[in-house]
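Here is the structure we will look at, set down as structure tokens.
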Amino acid sequence: MAFDIDRYTQAATPVTWEDLDYEVFRGHPLPPDTLRTLRYMCEIEFHTVCYLRDMLVSPSRKDPEVGTFMTTWNWEEIWHGEALAHVLSLHGITVTYDQLKAKRMKLGWRDRLSPVKQSLLSNIVGIDFVAVHMLWGSINERSTAAAYKRLAALEDSPVLGDLLRRIASQEAKHIAFYTTQARARLQDNPRAQKLARLALRTAWQPVGSGVSPEAEVDHVLRHLFSGPEGRKEILAIDRHIAKLPGMAGLNLVAEALDSRGVPA
Ligand SMILES: [Fe+2]
Ligand SMILES: [Fe+2]
């Protein structure tokens, strides 16, 4: 899988969402379970700025391709948040970017790594650090795309389905970037492979945990990934990650669901 960073940044546009007929929600509002999940998704999209902030103080910032990608990526994610916030607002739920940004600037994936930071991160320098970052991003973007796909399938709403599929097609580009980078950086680098494996096994949790209340994380995972159809998506994520250099046998996402009691 090749990734053309110039083409990506030049072709990037905010997700097109304003043309959809949101008026249908006035007559046919979305059910509470779906709104709860959408709110979580919206907050996580807005939270992306914290990941950008984390990157700016890590060795990743020194890599021109990663830095370029993350600027455009952050901008696309904020528009995903805006689109979802609009759907929520039609149901009387207000989520705003500025509010969340203020609340959440202190949290991010480096905080998530903090328990292992002392013993581990001090040893991760330069390219190895970036490898961990890229692998982490690959899992999270795949999880996000799977979540949108599942919600579109579960909810019988053509308008919501269209919106979620449009967002998911941008997530597919994010997956391509992180995965291409992770593969290249892990290839022939046993030290990076070992560190990445250890960091993920120790610190990775489903997207949104650590920044959202545990009850909300559990709700979203159960809502979207219970049963065989949901589990199929999760196993596909683990399968893709296991194909990366040194990652064979890693089943992080399925294990996270099992440990939270999400039925397969
Ligand atoms: Fe997104
Ligand atoms: Fe994304």
Side-chain angles (χ1 to χ4, degrees), residues 1 3-5 7-9 11-18 20 34 37-56 60 65-88 95-97 100-101 104 107-109 112 130 133-153 155 160-182 204-212 216-217 220-221 224-225 233-234 236-237 240-241 253:
M1 200 189 330
F3 190 92
D4 186 333
I5 187 72
R7 218 170 76 191
Y8 168 68
T9 47
T13 51
V15 66
T16 314
W17 60 276
E18 280 161 321
L20 295 171
T34 295
T37 296
L38 273 178
R39 182 185 190 131
Y40 183 93
M41 290 168 152
C42 177
E43 293 189 354
I44 296 308
E45 292 288 5
F46 281 151
H47 182 74
T48 306
V49 67
C50 300
Y51 293 80
L52 181 66
R53 184 270 332 244
D54 288 347
M55 188 275 290
L56 292 174
S60 303
E65 221 167 282
V66 173
T68 303
F69 168 80
M70 291 198 72
T71 308
T72 304
W73 164 80
N74 179 63
W75 179 70
E76 285 186 331
E77 303 291 27
I78 287 169
W79 280 104
H80 298 170
E82 291 291 346
L84 299 176
H86 181 68
V87 173
L88 290 164
V95 182
T96 69
Y97 171 70
L100 282 168
K101 191 177 141 191
R104 297 243 175 102
L107 300 163
W109 70 284
R112 166 64 56 207
V130 185
H133 177 190
M134 296 297 107
L135 184 60
W136 193 285
S138 179
I139 301 178
N140 282 6
E141 293 288 344
R142 280 187 196 282
S143 305
T144 308
Y148 286 129
K149 189 177 162 192
R150 284 296 296 145
L151 189 57
E155 192 52 63
L160 184 69
D162 278 350
L163 174 62
L164 297 181
R165 276 184 289 273
R166 289 179 190 185
I167 294 176
S169 82
Q170 293 197 332
E171 307 298 4
K173 289 189 278 178
H174 305 164
I175 293 172
F177 176 81
Y178 282 112
T179 307
T180 307
Q181 285 281 332
W204 187 85
Q205 284 292 320
V207 181
S209 43
V211 294
S212 299
E216 298 312 297
V217 182
V220 170
L221 293 178
L224 298 179
F225 297 113
E233 294 296 327
I234 295 304
I237 299 171
H240 280 293
I241 297 303
V253 195

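In each ligand, atom 1 is the first atom listed, and ligand 1 is the first ligand listed. When reading the values below, keep in mind they use all heavy atoms of this one structure, side chains included, and skip hydrogens, waters and symmetry mates. Treat the numbers as computed from the prediction; the structure is a model and nothing was measured.
Residue side and main chain included, His80 places no N/O/S atom under 2.8 Å of the Fe ion (ligand 2). The nearest N, O or S atom of Glu141 is closer to the Fe ion (ligand 2) than 2.8 Å.
Residues Asn140 and Trp204 bring a donor and an acceptor atom of their side chains to less than 3.5 Å of each other. Residues Glu77 and His174 have side chains that bring a donor and an acceptor to within less than 3.5 angstrom of each other.
Looking only at N/O/S atoms, Glu171 comes nearest to the Fe ion (ligand 1) through OE2.
When ring centroids are compared, Tyr8 and Phe69 come within the 6.0 Å threshold.
Geometry about the Fe ion (ligand 2) gives an angle of 100° between OE2 of Glu77 and ND1 of His174, rounded in steps of 10 degrees.
Annotation: Trp79, atom CH2; neighbour count of heavy atoms from other residues, nucleotides and ligands within 6.0 Å does not exceed 12.
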